[in-house]
Amino acid sequence: PEASHYARRAYADQREDLAQILRISERWQRATATRNPDAQWKVNRRLEDWLEREIRESMREVGNQRYTYRVRLLRNELASLERTRVYGRGHHGRGRHGRGHNERGYYGRGHGNYFAKKASILDELVWLSERQVQWAEANLRYPYRRSFARR
């Protein structure tokens, strides 16, 4: 059976969403590896935009409640992580000009945990997006045999 225009469009959209979150994840890894706070800030903006768009789009699709719920939880987890991120002014009164400072502030102690948690959240977002692509691909191949095994 021929896949519907809707199924083909959904598959293409899911592949584009996956490509975007993969780029965001790769840029985050590069920005943290080079300790580039400006690049990290830009990646954070792109990630927030992607999350908002993904939630908005997924709410319109039937059968996407679990995906939408999980992406929302991860967005909230990221927001909480950003709020609790340790920023300081350094120590021993060196102010902004001491070692390890930049325009956006100093990464205080415990920032390694922040980066590990953020990487884990990004990995899960990539995994969820990969699952969405698989689901859309299955709908292309078997448009009339919807499976309820997706959990």
Side-chain angles (χ1 to χ4, degrees), residues 1-88 100-151:
E2 176 75 20
S4 71
H5 171 74
Y6 173 78
R8 287 191 303 274
R9 183 75 246 156
Y11 177 66
D13 288 347
Q14 293 302 335
R15 285 180 49 102
E16 179 56 32
D17 291 341
L18 175 60
Q20 288 173 6
I21 194 64
L22 282 169
R23 275 194 304 274
I24 289 167
S25 182
E26 289 164 3
R27 287 176 180 159
W28 175 254
Q29 289 171 6
R30 197 167 38 244
T32 56
T34 59
R35 296 186 176 163
N36 183 339
D38 290 324
Q40 290 172 19
W41 186 82
K42 286 177 186 172
V43 172
N44 281 338
R45 299 265 45 93
R46 285 190 177 110
L47 178 57
E48 287 173 21
D49 291 346
W50 185 89
L51 285 165
E52 290 304 315
R53 193 172 50 252
E54 198 60 15
I55 290 167
R56 192 174 52 250
E57 290 172 2
S58 68
M59 287 172 59
R60 284 184 258 162
E61 296 172 19
V62 176
N64 250 358
Q65 293 86 356
R66 287 179 185 218
Y67 174 77
T68 304
Y69 176 75
R70 191 66 197 142
V71 171
R72 276 185 169 163
L73 282 180
L74 291 170
R75 180 195 59 191
N76 294 343
E77 202 174 315
L78 273 171
S80 175
L81 187 61
E82 294 298 335
R83 277 194 304 275
T84 59
R85 185 173 182 179
V86 181
Y87 280 106
H101 291 78
N102 58 52
E103 281 354 320
R104 301 201 190 282
Y106 169 76
Y107 297 130
R109 287 180 198 207
H111 66 273
N113 195 28
Y114 163 83
F115 291 116
K117 283 182 180 176
K118 186 138 183 180
S120 173
I121 291 169
L122 281 167
D123 288 346
E124 186 168 351
L125 288 168
V126 167
W127 181 82
L128 285 168
S129 190
E130 287 170 343
R131 293 283 310 257
Q132 290 294 100
V133 169
Q134 292 167 358
W135 178 246
E137 186 177 22
N139 284 339
L140 273 180
R141 280 193 251 136
Y142 308 107
Y144 304 111
R145 288 191 358 214
R146 284 212 142 213
S147 169
F148 292 98
R150 180 178 185 234
R151 303 207 194 306

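Side chains included, hydrogens not; waters and symmetry mates left out as well; all remaining heavy atoms used.
We find the CH2-CZ distance between W41 and R46 to be 10.5 Å, quoted to the nearest 0.5 Å. Between K118 atom NZ and S25 atom OG the span is 11.0 Å, to the nearest 0.5 Å. Note that CG of L51 is 5.5 Å distant from CG of L125, once rounded to the nearest 0.5 Å.
The pair R141-E137 meets the salt-bridge criterion, with a side-chain N (NZ, NE, NH1 or NH2) lying under 4.0 Å from an Asp/Glu carboxylate O. One finds a salt bridge joining R9 and D13 here, because a Lys/Arg side-chain nitrogen approaches an Asp/Glu carboxylate oxygen to under 4.0 Å. Of the charged side-chain nitrogens involved, at least one lies within less than 4.0 Å of a carboxylate oxygen, so that E52 and R75 count as a salt-bridged pair. For the pair R23 and E16, the salt-bridge criterion is met [side-chain N within less than 4.0 Å of a carboxylate O].
Closest heavy-atom contact between D17 and W50: O-NE1, 3.2 Å. Minimum interatomic distance between L18 and V126 (heavy atoms only, all atoms of both residues): CD1-O, 3.9 Å. Shown here for V133 and Q14, the closest heavy-atom pair between the two residues is CG2-O, 3.3 Å.
Ring orientation note: the planes of W28 and Y114 are nearly perpendicular, at an angle over 60° on the 30°/60° scale.
In R70, the CZ atom is crowded: over 12 heavy atoms of neighbouring residues, nucleotides or ligands sit closer than 6.0 Å.
Checking N64 against E57 by side-chain atom types alone, no donor-acceptor pair falls below 3.5 Å.
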- Message: Between N113 and K117, is the side chain to side chain contact (heavy atoms under 4.5 Å, CB included) condition met? List the steps.
- Response: CA-CA 6 Å; N113 195 28; K117 283 182 180 176; 3.7 Å; yes

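Annotation: side-chain contact (heavy atoms from CB on, under 4.5 Å) contacts of Q65 (sequence neighbours excluded): none.
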